[in-house]
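Below, read A as the first sequence line, B as the second, and so on, with proteins coming before strands; counting in each chain starts at 1. These figures come from a predicted structure and were not determined experimentally.
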There are 2 protein chains.
Amino acid sequence: MTDTAPRPTLEAVAARAGVSRATVSRVVNGGDGVRDILVERVRKAVEELGYVPNQAARSLVTRRHDAIAVVVAEPETRVFADPFFALQLRGISKELTAHDNQLVLLLTEGRDDHTRVGRYLAGGHVDGALVFSLHLDDPLPQLIQRAGVPTVFGGRPGWSGDRRGVLYVDSDNRGGARDAVRHLAGLGRTRIAHITGALDQTSAVDRLDGYRDVMVDADPRLIAEADFTPAGGERAMRELLGRCPDLDAVFAANDLTAAGALRVLREAGRRVPDDVAVIGFDDMLPVAEQTDPPLTTVRQDIEEMGRLMARLLLRGLDRGAPQEGVGGAPSSVVLPTTLVRRASA
Amino acid sequence: MTDTAPRPTLEAVAARAGVSRATVSRVVNGGDGVRDILVERVRKAVEELGYVPNQAARSLVTRRHDAIAVVVAEPETRVFADPFFALQLRGISKELTAHDNQLVLLLTEGRDDHTRVGRYLAGGHVDGALVFSLHLDDPLPQLIQRAGVPTVFGGRPGWSGDRRGVLYVDSDNRGGARDAVRHLAGLGRTRIAHITGALDQTSAVDRLDGYRDVMVDADPRLIAEADFTPAGGERAMRELLGRCPDLDAVFAANDLTAAGALRVLREAGRRVPDDVAVIGFDDMLPVAEQTDPPLTTVRQDIEEMGRLMARLLLRGLDRGAPQEGVGGAPSSVVLPTTLVRRASA
DNA sequence: TTGAAAGCGCTAACAA
DNA sequence: TTGTTAGCGCTTTCAA
């Protein structure tokens, strides 16, 4: 682990190029209003000295950091058990990189961490924040709001407070759920059950709402609560089978849950999709393609969600891509979902 | 998206507490050599004003950033198809947080990104780097080495260059593979096949070496090359079945591959574990527990790897936990693995 | 034990 | 078009 050699400063470059610091600064920041000959000379000096601007010094005066915090508030391990998180991150990273912004990752584990994150955000280290916090009772969103940092949420935040100016990017969970249930109905199924996700998350609530939109007069016993996990799916499926042995279809809140349900159905001797059709949500490939039979599911474009979050934030900061289409303030985005047909329904 | 209110400076705190800036600075940084009465006064002023130090100004003079870059160089999407990455990140984040360091995430996509990352690292934005780069031909490690940033690698880096002072944290891939194959042999299996991982990654090479350690005179036709994916596992398993119909066990380079193999075996009418015993690697729960039958596999403690990487780096920077045990320079770490028995072997 | 003062490396008025 | 100069907010000698 070598020590870093002392890096050349603007001063050094200026000396070498035979110009003032101001001129070097101008060239380094785009070179507008500087004669071509000088631009050339400065560029050469920069090159020769291997000059890289000191970001701390720059931030001190510009009050910009070109850095965005990504806050992942996930007390549970669920986020880490599926590629969801990584995919969003990738989308975010791509967009930030394209606009020369750094990504500062803040993972929080429980309440104690909240104050730490709040302090950090309030500390003006970053220009904005992208926040994943999908739990209804989570204090984090408000905390961040108070820190006065421009923020975009991943998924509709489930707070009851002031919603004005709250920006988020979400999938059309409700619409996707409707599509899934309609597809099952189109298959001629009439006893369509739903296994919910963790109902303290807006995505789970929205998917349940979508189910209800279609199954207006659904037998309430056809709904079983779970938590997005395979184990939860198994438990819920057993419950359902006990309560409603005549069910002929299941819409599960996500693929993991559907995988659990599939296993229980097989154990119970029900054939899928002949006896019971099953649909999941997410289109999490390693799961959806590996189940037996492969899972029909509702796909959401996770990476695109990430990219959009970053774009929205950057735009709000007056950087990033110029507004496409009509101008005006950026607003929340809800991305469409698509039904992916495989063998299970 | 509200604008940030102008934050109070040291100056303001000093004025309010009726002391000099220097004194406030001392208090904020631990308060050594300042009378208790003054410490008290300053703390109060800090509190009342909601003062948070400006990190840019501080870095400018201290040349410290309390920030560590995590570089994930993964041209393929594989990293994102399993929770491996997220778990390491979690371990890293925990350790960094415990020592008040920020995590700057740099995701690279292909070669073009390398120069960007190199520039960033050389730019002195961070105090050190944790790098995941497991491909044999990857230029990134050398690039980083040249940038002169203290670095710890995740997984043994597969370069042929100067290895002096290269620090890494890895699992005992070779030992774990040996355990797996020995376990199969202990089950009385004699025709034990191996499906490799992507052989441009050291982990795959090491696991293959472990297999060979035990199967000294193995029929070379018992080895089929794959790439850590389920599809690769299927392909390799078909190959193997064609070449060596008499095989009675398979050690797959990871769980995903094993899952693919399992499916092909079932299609081929081979019972697992009765006809063919199968072992994977990773203990990736959502996969290993969901396969049919559940997968016997070699577990590595991913999160701990991440934590250790961070600890090693921090220690090299003379921060972090005081050296446990004997002193001296930190050195690379290879973590043990454990065999987890389930139904497949 | 405290304060005064000199920068850290850069940008951004303002003059020239 | 270029240079001069005054800070940005902080830490850190050096004196007192």
Colleague: Any salt bridge between K44(B) and E40(B), counting N to O under 4.0 Å?
Modeller: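 Salt bridge absent between K44(B) and E40(B).
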Colleague: Can you give me the N/O atom pairs linking the protein to nucleotides 5-9 of chain C at distances under 3.5 Å, or say none if there are none?
Modeller:
unit_1	atom_1	unit_2	atom_2	d
dA6(C)	N6	R21(B)	NH2	3.4
dC8(C)	O3'	R63(B)	NH2	2.8
dG9(C)	OP1	R63(B)	NH2	2.3
dG9(C)	N2	A57(A)	O	3.3

Colleague: Please list, in 5' to 3' order, the outermost nucleotides of DNA chain D lying under 4.0 Å from any heavy atom of chain A.
Modeller: dT1(D) to dG9(D)
Colleague: Tell me yes or no: between the side chains of R63(A) and N54(B), is some donor less than 3.5 Å from an acceptor?
Modeller: no
Colleague: Evaluate the side-chain proximity of V131(A) to I144(A): yes if any heavy-atom separation is below 4.5 Å, no if none is.
Modeller: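 In contact.
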Colleague: Between E11(A) and G33(B), which residue's closest nucleotide on DNA chain C lies nearer the 5′ terminus?
Modeller: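 So the residue in question is G33(B).
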Colleague: Go nucleotide by nucleotide along DNA chain C from the 5' end; which of R35(B) and Q55(A) gets its closest nucleotide reached first?
Modeller: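 Residue closer to the 5' terminus by nearest nucleotide: R35(B).
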Colleague: At less than 4.0 Å, is any side-chain N or O atom of T23(B) found next to OP1 or OP2 of dG3(C)? Yes or no.
Modeller: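 So the side-chain polar atoms of T23(B) do come within 4.0 Å of the phosphate oxygens OP1 or OP2 of dG3(C), strictly under.
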Colleague: Work out how much the helix from dT1(C)-dA16(D) to dA16(C)-dT1(D) bends between its end axes, five pairs an end, to the nearest 10 degrees.
Modeller: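 Taking five pairs per end, the axes differ by 40°.
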Colleague: Identify the two heavy atoms, one from A56(B) and one from S59(A), that lie closest to each other, and give their separation to 0.1 Å.
Modeller: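 Heavy atoms of A56(B) and S59(A) come nearest at CB-CB, 3.8 Å.
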Colleague: May I ask you to say whether R43(B) pairs ionically with E47(B), meaning some side-chain N is under 4.0 Å from a carboxylate O?
Modeller: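 No, this pair does not count.
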Colleague: Of R311(A), R315(A), R90(A), which meets salt bridge (Lys or Arg N to Asp or Glu O under 4.0 Å) against E95(A)?
Modeller: R311(A)
Colleague: Does R307(A) come within less than 4.0 Å of E304(A), counting only side-chain N to carboxylate O?
Modeller: yes
Colleague: Starting from the C-alpha separation in whole Å, work towards a yes-or-no answer on side chain to side chain contact (heavy atoms under 4.5 Å, CB included) for V104(B) and L103(A).
Modeller: CA-CA 6 Å; V104(B) 178; L103(A) 192 171; 5.9 Å; no
Colleague: Are any of the side-chain heavy atoms of L308(A) and L335(A) separated by less than 4.5 Å?
Modeller: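 When only atoms from C-beta onward are counted, L335(A) and L308(A) do touch, with a gap below 4.5 Å.
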Colleague: In whole Å, I'd like the distance from the CZ atom of R26(A) to the P atom of dC14(C).
Modeller: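 From R26(A) CZ to dC14(C) P: 14 Å.
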Colleague: Output the distance between atom CG (L96(B)) and atom CG (L105(A)), rounded to the nearest 0.5 Å.
Modeller: 10.0 Å
